[in-house]
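Report on the structure given below.
Excluded from the calculations below are hydrogen atoms, water molecules and symmetry mates; all remaining heavy atoms, backbone and side chain alike, are included. So that the names make sense, note that chain A is the first sequence line, chain B the second, and so on, each numbered from 1.
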Amino acid sequence: SQQGEEDPQALSIQEGENATMNCSYKTSINNLQWYRQNSGRGLVHLILIRSNEREKHSGRLRVTLDTSKKSSSLLITASRAADTASYFCATDGETSGSRLTFGEGTQLTVNP
Amino acid sequence: DAGVIQSPRHEVTEMGQEVTLRCKPISGHNSLFWYRQTMMRGLELLIYFNNNVPIDDSGMPEDRFSAKMPNASFSTLKIQPSEPRDSAVYFCASTLTGLVYEQYFGPGTRLTVT
């Protein structure tokens with residue numbers, strides 16, 4: 001099974017609301033990243049959080065990491081229709097080298 | 001920088017034909033990854049290279065798939081013979097191996113095998 005598992009699989013909200021997506025993983029990690037994918041496009045890196053960090057911010061994005069629960073959350077505040085996309089978490093560990101393991105993604109729809 | 005470049009963007013071919021997908025990584029990056037994405041299986045890592053050397057090809061589905069990286073600025077993924085179940089979007093990504101592992105993805109090649 002995949003290292004990263006996101007939930008929910010799909011999320012539909014209204015513009016202006018906050019969106020929270022969660023990711024769980026199974027083995028120890030060095031870093032956890034979040035990526036965004038617009039329909040028909042490649043993935044775009046959003047933010048990286050290291051295993052010794054608990055929270056990180058970038059603009060309207062807030063990522064938390066709980067290594068004891070092997071989970072992370074991505075919060076998008078004041079969502080916009082343009083935030084509509086799929087969001088993936090990806091992890092790398094001590095033995096994975098350059099390799100990332102991606103979750104199955106959360107499809108976020110922000111309705112105008 | 002132009003980012004990761006993939007060609008072609010779309011490929012439609014008949015079963016049994018050879019398909020070659022191409023990728024130019026970001027200049028200076030030393031790791032390159034080939035992924036396949038489908039609705040059923042999500043994003044799968046097929047193979048990755050460090051400094052032009054294949055490191056992990058355990059994701060390559062079968063012998064019909066092969067990948068090469070003859071130099072730091074070019075890689076190919078070949079499927080011969082192609083089958084309808086190979087229809088997917090194939091992404092190439094690159095990164096600079098080090099303390100940070102964020103990957104830069106190309107726009108993908110949408111392959112349809114009829």
*Taking all non-hydrogen atoms of both residues into account, name the closest pair between A/Arg99 and B/Tyr48 and its distance.*
CB-CE2, 3.8 Å
*ILVMFWY cluster, B/Leu45 and B/Met60 together (side-chain gap under 4.5 Å)*: no
*Engaged part of B/Tyr35 at the chain A interface, taking heavy atoms whose separation is under 4.5 Å*: side chain
*Begin with the C-alpha distance, continue with both residues' side-chain angles, and end with the deciding distance and a verdict on side-chain contact (heavy atoms from CB on, under 4.5 Å) for A/Tyr35 and B/Gln103.*
CA-CA 9 Å; A/Tyr35 286 79; B/Gln103 294 184 8; 3.7 Å; yes
_Return the CG to CG distance between A/Leu43 and B/Leu43, rounded to the nearest 0.5 Å._
6.0 Å
*Would one find more than 12 heavy atoms of other residues, nucleotides or ligands at under 6.0 Å from atom CD of A/Gln9?*
no
*Under a single-linkage definition using a 4.5 Å side-chain heavy-atom cutoff for Ile, Leu, Val, Met, Phe, Trp and Tyr, are B/Ile79 and B/Phe49 assigned to the same hydrophobic cluster?*
yes
*Do the non-hydrogen side-chain atoms of B/Thr95 and A/Leu100 ever get within less than 4.5 Å of each other?*
no
*With no hydrogens and no angle check, do the side chains of B/Gln37 and A/Gln37 hold a donor and an acceptor under 3.5 Å apart?*
yes
*Can you hop from A/Val44 to A/Phe88 via hydrophobic side chains spaced under 4.5 Å?*
no
*Shared ILVMFWY cluster between A/Ile76 and A/Leu46, side chains joined below 4.5 angstrom?*
yes
*For B/Glu14, does the CD atom sit with more than 12 other heavy atoms under 6.0 Å from it, leaving out its own atoms?*
no
*Hey, does the side chain of B/Tyr104 reach the backbone of A/His45 with a donor-acceptor pair shorter than 3.5 angstrom?*
no
